[in-house]
Amino acid sequence: MKKTYINIPEGIEYLTKEIFSFPDGIFNKVVTGCGITTVALTNDEPIILVSPRKALLENKAEQHSNVYWLHSEEFSNLSNFYKYLKSINIPKILITYDSFPRLKTIIEIEKFRVIVDEFHCLLSDTSLKSNVTYGLTKALEDCPHFTLISATPISEEVIKNSKFFNNLPYFEAKWPKLQKVQISSIHSNNPISILYKIIDIYIRTDGYLINTPNGIFKSKEAFFFLNDVNQIIKCIKKKDLHPSQVNILVSEQDKNVHNISKKLGKEFKIGKVPIKGEKNKMFTFCTSMAFNGVDFYSDTAITFAFSVASMNTTLLDVATDLQQIAGRQRLRKNPFHNSLYFIYKEKEFINLSINKINKIISTKTKISKEIIESKNILSKTALDSEIKLWNDNPRYDMRYFYVTDKGFEFNELIMLSELTGLKLMLCYMNDGLLTKMSEEENIEIKKATTYIVDNELKKYVNTTAVKNALRNVTKENFENALQKINIPNENRKLFLKAGFEKSKAVDFNSRLLKEEFSFKEIDENAIKLFLLEKFKCFGFIPNTEIKSLITEFYKEFGIIEKKFNANYVETLFPLEIKKTRQTINEKRVWGYILENK
């Protein structure tokens, strides 16, 4: 794949029609919010802007009076659309991925440049909308001028394996000074519990005070990105939020409209993206179906992204969406406009390897092609029946199919989507997802070491698990952090005794530390003096009592799972004690005495 760089002049932050012209093929703009859609909607070229999300089109339509958003329901009556085309010299048409093939049949497509915005969605949406994404690529094949645009494009590896993408010229913006997206990662066994805590802080203090290298800022608004409508509903209900506090930006599917109204009340509705100058609510909840390509304007909003990473499609979202999310805040005066907190759950995927992934893909590819061949040789009546059966119950996760009214075709997008998702799953399993993302020149991954200032008390942004909280602490802050975070006292003593390096070696897992950190490293003189005083006091000590005394002593150092035998005292006092039996409560019991008192 040949890559051609388009150099952006020094000092340019936003692209304009005077300095930028759209190439034919793929254009990796590298950064979000660079003004490229504004160029498309204001330049001297007839444009069709094709978007995967209605929210993006609504957002752009409200910002530009010269555009026409052609809704799918208008195809039954196109009179207003044709009036628009006659009334304007340079038409700018907005349309969704699924409606573009129909639009192409009613206009002279050779007179337009087609701009496919956020084209990475062609891959990420395929698991749910394979007919839509594949249908769009088929419709683009004979368009004379089209540009696929994204700041997070489909990977070069996928492009090389795609007949459609690999035949397209590839262009990439070369920015003189690239501002990196700052992603602060926070591990958690329960990311949603952190979401609840953040909401509590905003409500309790009417905002969120945060200490940054440039001073303390107060955030009055929070944007929560969570690809789970049910979790969003549950969160709003659990925290008893009012409609005046919440903007819900999710797909306008009937199911979502119904669930929001039923579970939260009729006063709750799917919201819209505020345009510049409109006031944001304190909390904005978004799914990926609502935010791709839209502009948010807030002076103080902090952005939080949450993921449980339990599916390959979810992982595909994570890999592409983080940079997209970070670039949504457009106001440069917002100190958090180019950053976000990524709170995610670790997930183990058993028995996954690159060989197994390749076998899964090759097996499904082989079976899919065999089934396609067997379906397409059927009689027209039988084939029509199979097409109807498939359309009534599509199973995109099982086969790599695209179904038309003429028969079955191989859908490489489903295959490439699953391949990419499985590889990301493997990367996640090996704790390498963030590392892989940090290889991008415009992304910087860092562990969150941020403090929250709440009523003059500094609290760590931590997780519910001790090990996850300590992962976000540097060596220099280790002892200080142990005094501040909520941690059992016995574990605090253990971590302090083991030190930062030994604690880090076992991934700050208190259980593993108790197993791996030898109790011999604790000052043996302390236990010797402790037991010596007991022997001098009692003379004879039974084995059961010795075990109890030793266990209680080491428990003070956080070692509670180590098994001790009474004969451990022979190691401590090889010359001073003697094993013997005495009668206690009319029973003969074994124990130890000091030979030289």
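Given the structure is predicted, the values throughout are model-derived calculations rather than measurements.
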Find out whether [X] and [Y] are in side-chain contact, i.e. whether some heavy atom of one side chain is under 4.5 Å from a heavy atom of the other.
X: T137; Y: E141; result: no
X: F20; Y: F27; result: yes
X: I260; Y: V250; result: yes
X: L148; Y: L140; result: yes
X: P91; Y: Y68; result: no
X: F336; Y: T303; result: no
X: I233; Y: I248; result: no
X: S72; Y: D98; result: no

So does [Y] get a backbone contact from the side chain of [X], meaning a donor-acceptor N/O pair under 3.5 Å?
X: D117; Y: P52; value: no
X: K92; Y: A40; value: yes
X: N256; Y: S251; value: yes
X: H71; Y: E73; value: no
X: E221; Y: S298; value: no
X: S368; Y: K364; value: yes
X: S162; Y: V158; value: no
X: N66; Y: T42; value: no
X: N280; Y: P274; value: no

Output, in order, the C-alpha distance, side-chain angles, deciding distance and verdict of side chain to side chain contact (heavy atoms under 4.5 Å, CB included) for Y134 and I414.
-> CA-CA 9 Å; Y134 191 68; I414 304 180; over 6 Å; no
So which pairs with a foot in residues 235-264 pass salt bridge (Lys or Arg N to Asp or Glu O under 4.0 Å), sequence neighbours left out?
->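 Listed by first then second residue: D200-K239.
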NZ of K218: more than 12 outside heavy atoms within 6.0 angstrom?
-> yes
Run the numbers on F22 and V39 for side chain to side chain contact (heavy atoms under 4.5 Å, CB included), then give the verdict.
-> CA-CA 9 Å; F22 289 98; V39 174; 3.9 Å; yes
[X] vs [Y] aromatic rings, parallel, tilted or perpendicular, using cut-offs 30° and 60°?
X: F224; Y: F304; answer: tilted
X: F146; Y: F164; answer: parallel
X: F408; Y: F401; answer: perpendicular

Have T16 and E18 got a donor and an acceptor in their side chains that come within less than 3.5 Å?
-> yes
Might you point out which heavy atoms bring A151 and N28 nearest each other, and give the distance in Å?
->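 The answer is O-OD1, 3.8 Å.
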With a cut-off of 3.5 Å and sequence neighbours excluded, list every side-chain donor-acceptor pair involving residues 1-10.
residue: K3; atom: NZ; partner: E156; partner atom: OE2; Å: 2.7
residue: K3; atom: NZ; partner: E172; partner atom: OE1; Å: 3.2

Of W69, F100, F81, which is the lone residue that meets side-chain contact (heavy atoms from CB on, under 4.5 Å) with I93?
->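 Of W69, F100, F81, side-chain contact (heavy atoms from CB on, under 4.5 Å) with I93 is met by F81 alone.
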Positive for side-chain contact (heavy atoms from CB on, under 4.5 Å) with I48, one of L103, L94, I115 =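 The side-chain contact (heavy atoms from CB on, under 4.5 Å) with I48 is passed solely by L103 among L103, L94, I115.
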Test L78 against L70 for side chain to side chain contact (heavy atoms under 4.5 Å, CB included), laying out the working first.
-> CA-CA 9 Å; L78 293 165; L70 182 58; 4.0 Å; yes
Give the C-alpha distance, both sets of side-chain angles, the deciding distance and a yes or no for side chain to side chain contact (heavy atoms under 4.5 Å, CB included) between N227 and T287.
-> CA-CA 5 Å; N227 274 337; T287 65; 3.7 Å; yes
Salt bridge between R113 and D24, side-chain N to carboxylate O under 4.0 Å?
->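 Yes, R113 and D24 are salt-bridged.
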